[in-house]
Structures are given as structure tokens and as C-alpha cells.
Amino acid sequence: MPLQDVAERVRPALAGFEPYDPAFSPCEVNLSANENTHPLPATVLERFAQACATTPLNRYPDPLANELRDELAAWHGVARESVMVGNGGDELLFNLLFSFGGPGRSLVVAPPCFEEYKNFAKMCQTQVVEVWRDEQSMLPNADALVDAARDAALVMITSPNNPTGDLVDPELVRQLLDQTNALVLVDEAYVEFARNGSSLVPWVADNPRLMVLRTLSKAFALAGLRCGYLVADPQVIDVLAAIRQIYSEDVLAQAVAVQAVRCREELAPIVTDIVAERGWLAQRLAQLPGAVVWPSHANFLLVRLPNAAVVRARLRDEHSVLVRDFSYAPGLADCLRVTVGTRNENDRLMAALEAVVEGGQA
Ligand SMILES: *Cc1c(COP(=O)(O)O)cnc(C)c1O
């Protein structure tokens with residue numbers, strides 16, 4: 001007998017969700033997912049290979065990844081007890097909502113932003129309060145956010161924001177901490193691409209309701225490894241430690257991540273290059289007819305172009321260049337998000353865009 005009533009059997013809060021679709025198509029140049037496309041130095045790759053080769057796979061991982069926690073804690077000048085590792089930042093976002101959300105509680109977000117906040121909140125039966133950004137500047141509405149956060153369990157602010165690229169004004173975070181009682185998450189998945197001093201990790205020690213999310217997926221070029229971490233008050237970390245999937249961070253991920261954190265100085269020139277390329281690409285994009293490009297502190301640029309969805313399809317089909325389409329998303333009409341790649345990739349993107357846009361009938 002086939003299973004006919006699965007829709008009635010599934011927990012009501014989980015009905016209607018669809019598998020995540022990254023809208024990936026194989027292309028020669030993939031600038032669609034904000035990955036770091038720069039090749040890593042051979043010395044770093046050698047250390048990763050060595051770490052994998054010497055890690056036994058027959059033993060369970062250390063559930064809390066303490067060696068990695070210590071490495072991250074030393075880097076950020078905090079105690080191990082203030083750091084929690086997750087299977088990507090995504091797992092930590094889910095676990096935050098699982099722990100601190102729930103029926104009768106709400107999450108405040110400032111869209112357009114990372115969609116997962118809302119998805120995870122819904123899965124955890126947490127009400128989502130959306131305080132939309134200004135349509136032109138794409139900056140958050142600070143007063144409305146603080147107002148909404150007064151009754152909220154959680155606020156999630158992204159800095160730099162995906163997909164708009166702006167850094168949060170620290171004054172807004174200050175207000176959220178001082179004028180509300182919410183737990184405030186600042187998602188810094190892209191902060192390594194912003195100017196020095198942009199991270200709010202140093203604030204955590206004096207602000208027990210502040211939590212900062214980081215990841216090795218972007219600047220560290222390890223999106224496939226699945227490793228993110230949270231810096232927060234030890235009491236928050238204890239809650240997350242108690243409810244997490246015990247072995248979500250596998251032994252290879254832990255071993256490679258330890259090496260990656262130790263090698264961070266060797267990876268710094270790659271970040272510097274991406275930041276320089278970002279400036280070059282922003283200027284070139286802005287010269288396209290009818291283009292609007294928002295200032296970005298991350299490794300991607302948001303660009304509004306006439307007929308963006310068609311442009312994006314033609315880049316993919318005629319030029320084998322993949323970028324992310326946001327033109328369907330509320331507040332992002334005709335917007336594409338392009339990851340900053342290597343100079344060669346950025347050249348390919350611009351040549352393709354110029355051919356598509358200037359060839360007319362985009
Ligand atoms: C990429 C990203 C993350 C984390 O990604 P993981 O690969 O799960 O670590 C978190 N927040 C935002 C806004 C992102 O873009």
C-alpha cells in the first residue's frame with residue numbers, strides 16, 4: 001500500500017516546506033553562491049590533506065569540538081566556554097530558534113535578508129516579524145526594528161547583509177541591546193571582507209544578550225566542509241551544547257577547520273584580493289546601461305538591471321556564467337547578486353554581461 005496521507009501525518013508546523021534549491025546549473029564560471037573561488041596556497045592544501053590523512057575515521061568525533069573551539073577562542077580572545085561550533089552557521093541558526101524560539105515567541109528580521117532565518121523560525125513555530133529595509137538605500141529601518149524587538153525573543157541582523165552588502169550601524173545594535181530584552185544575533189558570515197574593526201565579537205564579553213555568528217564557508221573557502229561557530233555568553237553556549245545533534249561536526253571537518261584557523265594569515269591575501277576585485281567589479285557593473293549597484297562590504301554585489309531574470313538566463317545559457325537571481329524576491333525587483341571571483345572570472349562575467357545587455361533585447 002502506498003503512503004497516501006503523509007501530508008496529514010507530518011507535524012503541522014513542518015507541512016509545506018520544500019527542499020532547498022540553490023538553483024545551480026553547471027557553468028564554467030559559478031558566481032552564484034558567494035563561495036570563495038580563489039585557489040588556496042599549496043602549503044595550506046597540504047596541511048588539510050595531512051590533517052585528513054592522520055585522522056582516524058573509526059572513532060566518534062569530540063561532540064563539542066574542543067580543540068577547534070580552543071583555536072577559535074584564542075583567535076578571538078575569548079574563553080572556550082563562549083564558543084560553539086556547528087555544521088555550518090546554518091545548524092547554529094536552527095539551534096538558536098529551536099532553543100530560544102517556539103510557540104508564543106517571535107523573531108525580528110530586516111528583509112531582504114538571509115531566507116533561512118524565516119524558514120527555521122517557522123519550523124520552530126516562532127512568529128516572524130519582518131521590518132523591511134528602505135527600498136532605495138536597502139538600509140534597515142532602525143527605529144522600527146527597535147520597536148518591533150521590544151516584544152521579541154530574538155532579533156537576527158546580518159552584517160554585512162546578504163544580499164544587500166551593507167554593514168550594520170553599531171549604534172543600532174547598541175539600541176537593540178539597551179532598549180529591548182531580546183537576544184540579538186549579529187550574523188557576520190561575510191565580515192572578513194569588511195574593513196578591520198567591523199566585527200562585534202569584542203562586544204560579546206560586556207553584552208550577554210549579544211551573539212555573533214561566523215563561518216568558515218566564505219572567507220576561508222570551506223563551504224563544502226560545513227563549519228560555522230557562534231561567539232556568545234557561556235550560558236547561551238551551554239543551552240546550545242545541550243540540545244545539539246551530538247556528532248554533527250565530523251572528525252574531518254574538525255581536523256581541517258583547526259588547520260584553517262591556524263593558517264588564517266596565509267589566507268589573508270586572498271581576502272585582500274577579493275576586496276580589491278569588488279571595487280573594480282562594482283565600477284564596471286555601474287557602467288552598464290540602467291544599472292544600480294549597492295555599496296558592498298562582502299564578497300558579492302547586488303545589482304539592479306533592466307530585465308534581470310532574462311539577463312541571468314542568457315548569462316547561463318549563452319556564456320556559461322552563473323549568478324543568483326533575486327528578481328522574484330520581494331523588495332528586490334530586477335536584482336541579481338554576483339559573487340566577486342578571481343579577475344579572470346570577473347572579466348568573463350563583465351564580457352558576458354556587456355554582450356547580453358548591449359546586444360539589446362535582454
Ligand atoms: C553563508 C551564510 C551563512 C552561513 O553559511 P554556512 O555555510 O551554513 O556556514 C550564514 N548567514 C548568511 C547570511 C550567509 O550568507
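Owing to the predicted nature of the structure, the values given are computational and were not obtained by experimental measurement. Just so you know, ligand 1 is whichever comes first in the structure, and atom 1 is the first atom listed for that ligand.
- With L315 as the partner, the side-chain contact (heavy atoms from CB on, under 4.5 Å) test is satisfied by one option alone out of L349, V29, V338: L349.
- A donor atom on one side chain and an acceptor atom on the other are found under 3.5 Å apart for N34 and T339.
- Under the rule for a salt bridge (charged side-chain N to carboxylate O under 4.0 Å, His left out), the partners of E188 that lie at least two apart in sequence or sit in another chain are R214.
- Taking the six-membered ring for Trp and thresholds of 30 and 60 degrees, F120 and F94 have ring planes more than 60 degrees apart, a perpendicular arrangement.
- Rounding to the nearest 0.5 angstrom, the gap separating the CD1 atom in I157 from the CG atom in L176 is 6.0 Å.
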Practice problem: Walk me through it: do Y190 and T215 pass the test side-chain hydrogen bond (donor to acceptor under 3.5 Å, both in side chains)? | Solution: CA-CA 8 Å; Y190 300 96; T215 179; over 6 Å; no
Between the protein and ligand 1, which nitrogen or oxygen pairs come in under 3.5 Å, and how far apart is each?
{"residue": "ligand 1", "atom": "7 (O)", "partner": "S217", "partner atom": "OG", "Å": "2.6"}
{"residue": "ligand 1", "atom": "7 (O)", "partner": "R226", "partner atom": "NH1", "Å": "2.7"}
{"residue": "ligand 1", "atom": "7 (O)", "partner": "R226", "partner atom": "NH2", "Å": "3.4"}
{"residue": "ligand 1", "atom": "8 (O)", "partner": "G89", "partner atom": "N", "Å": "3.1"}
{"residue": "ligand 1", "atom": "8 (O)", "partner": "D90", "partner atom": "N", "Å": "3.0"}
{"residue": "ligand 1", "atom": "8 (O)", "partner": "D90", "partner atom": "OD1", "Å": "3.1"}
{"residue": "ligand 1", "atom": "8 (O)", "partner": "R226", "partner atom": "NH2", "Å": "2.7"}
{"residue": "ligand 1", "atom": "9 (O)", "partner": "G89", "partner atom": "N", "Å": "2.7"}
{"residue": "ligand 1", "atom": "9 (O)", "partner": "T215", "partner atom": "OG1", "Å": "2.6"}
{"residue": "ligand 1", "atom": "9 (O)", "partner": "S217", "partner atom": "OG", "Å": "3.3"}
{"residue": "ligand 1", "atom": "11 (N)", "partner": "D187", "partner atom": "OD1", "Å": "3.3"}
{"residue": "ligand 1", "atom": "11 (N)", "partner": "D187", "partner atom": "OD2", "Å": "2.5"}
{"residue": "ligand 1", "atom": "15 (O)", "partner": "N162", "partner atom": "ND2", "Å": "3.0"}
{"residue": "ligand 1", "atom": "15 (O)", "partner": "Y190", "partner atom": "OH", "Å": "2.6"}
{"residue": "ligand 1", "atom": "15 (O)", "partner": "K218", "partner atom": "NZ", "Å": "3.1"}

